[in-house]
Amino acid sequence: MTRQPAIFFGHGSPMNALGGPFAEGWRVLGETVGKPTAVLMVSAHWETIGLAVTAQSQPETIHDFGDFPAELHAMQYPAPGSPELAARVAALTGAAPTEQWGLDHGTWSVLAHVWPEADVPVVQLSLDRRLTARQHFDLARRLAPLREEGVIVAGSGDFVHNLGAWKRAGGEPYDWATGFNEAVKAALVRGDDDALVDWVGLAEDAQLSVPTDEHFLPLLYVAAQRRPGDDVAFFNDVIDGGSISMTGVRIG
């Protein structure tokens, strides 16, 4: 079986689910990578105390956001789940299978464009808030066999995610946002996992780019899948509204 890549998606606003240039970038990526056996997604929008993995055969499309257009609230992404993959992830990580979650917008807003037919099974792994960044990375390493089993290990968040500084009308990126985004990309290219884990030291004013870490942590799950010889490529490499990075990365 062909080894699958690991992919991080900068998902930005839920409005990207309705289309636009970032959605087009996701569509092109889907055409490039083809269809894996399944996807294991770590989303910024599922935080738990204790590690959990979705185990239902038909996960719900969760509209976990507030005041957005009715068109967005009506969207459905009826991808199947995979109880078999959930059991495999549980065996690798000790995660507790659950049917109390589904596909949140960090997952479906992106995958609705990557695989619009919703015919690739999707399982989500939660962010266990008990863990340090190093522990998240070490946990992610245990998922490495999945790439050989036809599974794409994916993360969805943003390198830079400062909603308080976001410019609704758009505008040039803040210098600190550009600096941190480029520092993350450079660390990925050189395979500097320690720098990613200790992200506060990556760039000056790093904590302006990552005021809370839930959108950054999914990147560690993708970076941890890198093997010798894996290529690193970026897509949707734009900072939206000055302070939200849409940058995605494909490893392998």
Side-chain angles (χ1 to χ4, degrees), residues 7-30 41-47 63-75 104-114 127 133 154-190 195-196 198-220 222-223 232-250:
I7 304 172
F8 177 84
F9 297 94
H11 68 243
S13 168
M15 290 295 290
N16 292 312
L18 297 180
F22 305 123
E24 176 63 14
W26 298 331
R27 183 192 65 78
V28 171
L29 178 73
M41 177 69 84
V42 180
S43 166
H45 294 281
W46 190 25
E47 300 176 83
H63 299 85
D64 52 332
F65 41 73
D67 188 19
F68 284 92
E71 180 184 6
L72 185 60
H73 283 273
M75 282 190 71
D104 59 56
H105 82 268
T107 296
W108 66 259
S109 68
V110 169
L111 298 188
H113 298 283
V114 182
L127 285 172
S156 181
D158 301 289
F159 294 1
V160 177
H161 186 266
N162 188 326
L163 280 178
W166 184 67
K167 308 172 197 177
R168 183 177 296 274
E172 292 299 310
Y174 295 100
D175 288 345
W176 48 262
T178 299
F180 187 77
N181 201 66
E182 292 302 312
V184 172
K185 289 166 58 183
L188 286 163
V189 168
R190 67 178 184 267
L196 294 172
D198 298 323
W199 56 268
V200 174
L202 258 180
E204 188 175 359
D205 295 329
Q207 288 177 295
L208 282 173
S209 295
V210 187
T212 57
D213 64 2
E214 77 287 337
H215 277 73
F216 186 81
L217 290 174
L219 176 63
L220 300 182
V222 174
V232 176
F234 300 100
F235 56 94
N236 283 354
D237 191 13
V238 174
I239 295 179
D240 183 47
S243 65
I244 302 292
S245 171
M246 297 301 300
T247 305
V249 60
R250 172 180 172 174

Can you check ring-ring contact (aromatic ring centres under 6.0 Å, His included) on His11 and Trp26, steps first, answer last?
CA-CA 10 Å; His11 68 243; Trp26 298 331; 8.3 Å; no

Show, in sequence, the C-alpha distance, side-chain angles and deciding distance for Leu219 and Leu188, and conclude whether the side chain to side chain contact (heavy atoms under 4.5 Å, CB included) test is met.
CA-CA 10 Å; Leu219 176 63; Leu188 286 163; 4.2 Å; yes

I would like to know whether Leu18 and Met75 meet side chain to side chain contact (heavy atoms under 4.5 Å, CB included); could you show each step before the answer?
CA-CA 9 Å; Leu18 297 180; Met75 282 190 71; 3.7 Å; yes

Apply side chain to side chain contact (heavy atoms under 4.5 Å, CB included) to Leu72 and His105, showing your working.
CA-CA 10 Å; Leu72 185 60; His105 82 268; over 6 Å; no

Show the numbers, then the answer: is there a side chain to side chain contact (heavy atoms under 4.5 Å, CB included) between Asp175 and Thr178?
CA-CA 5 Å; Asp175 288 345; Thr178 299; 5.6 Å; no

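A distance of 8.0 Å separates CZ of Phe159 from CG of Asp237, quoted to the nearest 0.5 Å. Taken from CG in Asp64 to CG in Asp104, the straight-line distance is 5.0 Å, to the nearest 0.5 Å. Atoms CZ and CG, on Phe8 and Asp158 in that order, are 6.0 Å from each other to the nearest 0.5 Å. Distance NZ/Lys167 to CD1/Ile244: 12.0 Å, rounded to 0.5 Å. Expressed to the nearest 0.5 Å, how far CG of Asn162 lies from OH of Tyr174 amounts to 8.0 Å. Of the inter-residue distances, the one linking Met41 atom CE with Ile7 atom CD1 reads 8.5 Å to the nearest 0.5 angstrom.
Residues Phe9 and Val114 meet the side-chain proximity criterion, which asks for heavy atoms closer than 4.5 Å.
What you find for Phe22 and Val238 is that their closest heavy atoms are CE2-CB, 3.9 Å. Here the closest heavy-atom approach between residue Ala44 and residue Gly157 is recorded as CB-CA, 4.2 Å. When all heavy atoms are compared, the tightest approach of Ala195 to Arg190 is CB-NH2, 4.0 Å. For Ser43 against Gly106, the heavy-atom pair with the smallest separation is OG-CA, 3.7 Å. Across all their heavy atoms, Leu220 and Ala133 have their closest contact at CD1-O, 3.6 Å. In this structure, Ser243 and Val160 approach most closely via the heavy-atom pair O-CG1, 3.3 Å.
Evaluation of the salt bridge (Lys or Arg N to Asp or Glu O under 4.0 Å) rule for Glu47 yields Arg129 as partners, not counting sequence neighbours.
Using modelled atom types, no side-chain atom of Lys185 and backbone atom of Val249 make a donor-acceptor pair closer than 3.5 Å. Under the 3.5 Å distance criterion, the side-chain polar atoms of Asn236 are left unmatched by any main-chain donor or acceptor of Gly248. Under the 3.5 Å distance criterion, the side-chain polar atoms of His215 are left unmatched by any main-chain donor or acceptor of Val210. Judged by distance alone, with hydrogens and angles left aside, the side-chain atoms of Thr212 form no donor-acceptor pair with the main-chain N or O of Glu214 at under 3.5 Å.
Note: Phe65 and Phe68 have perpendicular aromatic rings, judged against thresholds of 30 and 60 degrees for the angle between ring planes.
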Considering only distance and modelled atom types, tabulate donor-acceptor pairs under 3.5 Å from the side chains of residues 199-206, sequence neighbours left out.
none

